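Note that the structure is predicted; figures quoted are calculated from it, not measured. Order of the sequence lines sets the chain letters (A, B, ...), proteins ahead of strands, with each chain counted from 1.
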2 protein chains.
Amino acid sequence: MAQITLHDLAKKLNISVSTVSKALKDYPDVSEKTKKKVLALADKLNFSPNIVASNLRTQHTKIIGVIIPNIVHDFFSKVIGGIIDEAEKNGYIVILLQSNENYELEKKQLNLLIQQQVDGILLSLTVETKKFKHIKRIQQQGIPLVMFDKVTDSIDCSKVVIGDKKSAFDAVSFLIRKGNKRIAFFGGSMVALNFNQRFNGYLEALKEYRVPFDDRLVYMCNKNKEYADGYSAAERLIEDHGVNGVDAVFAATDVIAVGIIKYFNDNKINIPKDIAIFGFGNSFMSSIVSPALSTVDQPGYEMGINAVDILLTEISHKNENENISLRNIIIPTSLKIRHST
Amino acid sequence: MAQITLHDLAKKLNISVSTVSKALKDYPDVSEKTKKKVLALADKLNFSPNIVASNLRTQHTKIIGVIIPNIVHDFFSKVIGGIIDEAEKNGYIVILLQSNENYELEKKQLNLLIQQQVDGILLSLTVETKKFKHIKRIQQQGIPLVMFDKVTDSIDCSKVVIGDKKSAFDAVSFLIRKGNKRIAFFGGSMVALNFNQRFNGYLEALKEYRVPFDDRLVYMCNKNKEYADGYSAAERLIEDHGVNGVDAVFAATDVIAVGIIKYFNDNKINIPKDIAIFGFGNSFMSSIVSPALSTVDQPGYEMGINAVDILLTEISHKNENENISLRNIIIPTSLKIRHST
DNA sequence: TTGTATGCGTTATCAC
DNA sequence: GTGATAACGCATACAA
């Protein structure tokens, strides 16, 4: 019932607690005989060391704290999958918190992680986050921090992101080379860094190929109901320009793109003959809509793995008192060309 | 840099550690004046209590451990969302582990959670799990345990599931009342309890409406590549029976259903006129495929909330030494009727 | 090779 | 209203 402790084992074997401890940790300076004795009894009694006590003593927890805006999100759930697998592979476990895109919650949760004495933190910012004092505090405490996906220039730490700008550049370049000139951009809230970057990539591709930029081809879709917004923005697009006034749409997320597809299908606008559509994310749905969506593949699982790897090296460097060099990883993306372009 | 401790505060204020501790916890037997003094200094120095030490002392961690087969799954990610939100609302945090459908990992992870001294465990079984000694061990340790979604009769604990059987019964009944007689069942691996239940619901609906059961209308789709399997099973279905030999398909998951839709669309089989399709899950994609999929709405977020609530009451009952009464919650589902039926 | 003693930072009991 | 002191279970420097 009650947990077995080192003390219990020691008493039963008539040896000292420290010998038991050492035997269990396979220290060289304890005889094979006692080692066997201890191991056997521990096994028999189903002994589980109390990690909390160990943590207090050793001053590290082998826990990494992760804060993300939202778990119910194709991309983020992949990232989390990568994080958890990679952490476990290296003997770490993960405390997962979701900020629900709420700045105050993010702040509170960061404090929580400090209190929990996590060995390191993986953070993806809220859209709302504009102040960074709470994050600087993490760094003042000397807790290794790696930001991923939703990052900011205001904080000096390792970061892992996907190449939003280059990906968008590649996608729009592809559209242009296919002969499209009037290419609309459907973005989400401009606050989020990702969308800014994707928009910049769009602009740069236009510039590269000397396609004039027309700001009336830029449409905004609110986050959190991107699908419906994609749909209604597509409606506005056609109202504003007519089917002939647009060649293609580059959407900043797959969900927006799927909303557009839905509107076009409903209104007998042929994809890609009348208007081509390019998405972003390569989420599962992009392969099953019809026509199947050309999109940017965003390797979430790999992002998770990379973030953990960087964090773990920073943690070990900190433990060795070596100084750490910040890293800025850009996970390469690729274009998945399907039938919508 | 180094963490501030109670000791530090006490020294700076020239009072004892215990008074500081009490002041911080707003004990009644400490004067307002010292309380204020302590709080002010704690605030100024950004004091964060070391929860690990507190945990060791109080013998509880306010952590709940969660093991699921796979996070990258529409339904599970919703459940996790509910779990994390509800846990946090009650002052608990969540350690999340994924077993990747691997029995050995599940075993290892359960032990890990014991060592971490979690206050309670939420578990959803691997498909592989056929032995339950590792789970019984949790109970012997007196750790409250609630199973969700993938549960087993072999363990006596609280459970929260959705009504797989009744949902399937309702869906198939709906199809029959619409005039369909030749209704195929597309299931996943029969090992998983869910599919068994869904198949039973299918059978029972047939019986209820005196529709003869034809085992040649039952097709199996392997898990993990349900989409492709749905597609190829649909192909076999048509080969075996022709379009006229089938009225409708009830698929055990949305992904399978979407695979079927894809095959039918590719082969100009009209949905629902030629063959109707009913899915299971109400995942996001079910609303965006075309035709939009009729499906069973499976409230994952609510399942997460319920599981946490039950677990927390068991934890508090355990702490109060009251005896706990096991609960068996069946989260009600509802039919989402769209255009595929 | 084994044992003794001490401390990690907090909480809680019991004096004062 | 305040403080000294002893745990919680483990790890480790040092002594034996």
Side-chain angles (χ1 to χ4, degrees), chain A residues 1-39 41-42 45-63 112 114-119 141-142 319, chain B residues 1-39 41-42 45-63 112 114-119 141-142 319:
Chain A
M1 205 71 180
Q3 293 256 5
I4 311 277
T5 70
L6 287 190
H7 187 81
D8 298 331
L9 297 182
K11 214 165 60 179
K12 294 218 188 217
L13 293 171
N14 265 319
I15 57 180
S16 79
V17 180
S18 56
T19 306
V20 176
S21 174
K22 287 174 194 158
L24 252 17
K25 315 216 84 187
D26 207 25
Y27 267 50
D29 62 345
V30 45
S31 73
E32 281 305 319
K33 213 175 95 190
T34 45
K35 244 180 221 176
K36 252 184 212 143
K37 236 175 31 184
V38 172
L39 252 29
L41 184 65
L45 298 183
N46 262 327
F47 168 73
S48 282
N50 182 329
I51 294 197
V52 173
S54 168
N55 288 346
L56 178 59
R57 178 66 234 250
T58 60
Q59 305 282 46
H60 56 244
T61 53
K62 294 266 192 179
I63 295 178
L112 205 65
I114 296 180
Q115 295 174 204
Q116 289 288 346
Q117 315 289 116
V118 296
D119 286 350
Q141 301 270 348
N319 291 345
Chain B
M1 204 72 181
Q3 293 257 3
I4 311 276
T5 70
L6 287 190
H7 189 80
D8 298 331
L9 297 182
K11 213 164 62 182
K12 294 217 187 218
L13 292 172
N14 264 320
I15 58 180
S16 78
V17 180
S18 46
T19 306
V20 176
S21 174
K22 286 175 196 158
L24 253 16
K25 314 219 86 184
D26 207 26
Y27 268 50
D29 61 347
V30 45
S31 74
E32 281 305 320
K33 214 175 91 192
T34 45
K35 241 181 226 179
K36 252 183 213 145
K37 239 178 22 186
V38 171
L39 253 27
L41 184 65
L45 298 182
N46 263 329
F47 168 74
S48 282
N50 181 328
I51 294 197
V52 173
S54 168
N55 288 346
L56 177 60
R57 180 66 236 244
T58 61
Q59 305 280 43
H60 56 244
T61 54
K62 293 265 191 181
I63 294 178
L112 205 64
I114 295 181
Q115 294 174 204
Q116 289 288 346
Q117 316 289 117
V118 297
D119 285 352
Q141 302 270 347
N319 292 343

Taken to the nearest whole Å, NZ/B:K36 to P/D:dG1 is 14 Å

In whole Å, what is the span from the CG atom of A:L24 to the C1' atom of D:dG9?
13 Å

Rounded distance (nearest 0.5 Å) linking atom CG of A:D8 with atom CD of A:Q3:
10.0 Å

Identify the heavy atoms of B:S48 and A:I114 that sit nearest to each other, and give their distance.
OG-CG2, 3.8 Å

Quiz: residues 49-60 of chain A side-chain donor-acceptor pairs under 3.5 angstrom, not counting sequence neighbours:
from	atom 1	to	atom 2	distance (Å)
A:N50	OD1	A:V52	N	2.9
A:N50	OD1	A:A53	N	3.1
A:N55	ND2	A:I51	O	3.3
A:T58	OG1	A:S54	O	2.9
A:T58	OG1	A:H60	O	3.4

Would you kindly give the NZ-to-P distance between B:K25 and C:dG9, to the nearest whole Å?
17 Å

List the residues meeting side-chain contact (heavy atoms from CB on, under 4.5 Å) with A:L45, not counting sequence neighbours, and say none if there are none.
A:I4, A:L9, A:K12, A:L41

Between CZ of B:F47 and P of C:dG9 the distance, given in whole Å, is 11 Å

Pairs under 3.5 angstrom, nitrogen or oxygen only, protein versus nucleotides 1-4 of chain C, please.
from	atom 1	to	atom 2	distance (Å)
C:dT2	OP1	A:S31	OG	3.4
C:dT2	OP2	A:S31	N	3.0
C:dT2	OP2	A:S31	OG	3.3
C:dT2	OP2	A:T34	OG1	2.9
C:dG3	OP2	A:S16	N	2.9
C:dG3	OP2	A:S16	OG	3.3
C:dG3	OP2	A:T19	OG1	2.9
C:dG3	N7	A:S18	OG	3.3
C:dG3	O6	A:K22	NZ	2.6
C:dT4	O4	A:S18	OG	3.1

Pairs touching residues 19-30 of chain B that satisfy salt bridge (charged side-chain N to carboxylate O under 4.0 Å, His left out), sequence neighbours left out
B:D26-B:K35

When you measure from the side chain of B:T61 to the backbone of B:Q117, do you find a donor-acceptor pair of N or O atoms at a distance under 3.5 Å?
yes

Could you check how far CD of B:Q117 sits from P of D:dG9, rounded to whole Å?
9 Å

May I ask you to verify if any side-chain N or O of A:Y27 is less than 4.0 angstrom from the OP1 or OP2 atom of D:dA11?
no

Contacts of type side-chain hydrogen bond (donor to acceptor under 3.5 Å, both in side chains), residue A:S18, not counting sequence neighbours
A:S16

Look at all strands and tell whether B:L6 reaches a base, only sugar-phosphate, or nothing, counting heavy atoms closer than 4.0 Å.
base

Interatomic distance where NZ belongs to B:K33 and P belongs to D:dT2 [whole Å]
8 Å

Where B:A42 and B:L24 come nearest, the two heavy atoms and their spacing:
CB-CD1, 4.2 Å

Could you check which residues of residues 50-60 of chain A get a heavy atom under 4.0 Å from DNA chain C? Sort them by number, please.
A:L56, A:R57, A:Q59

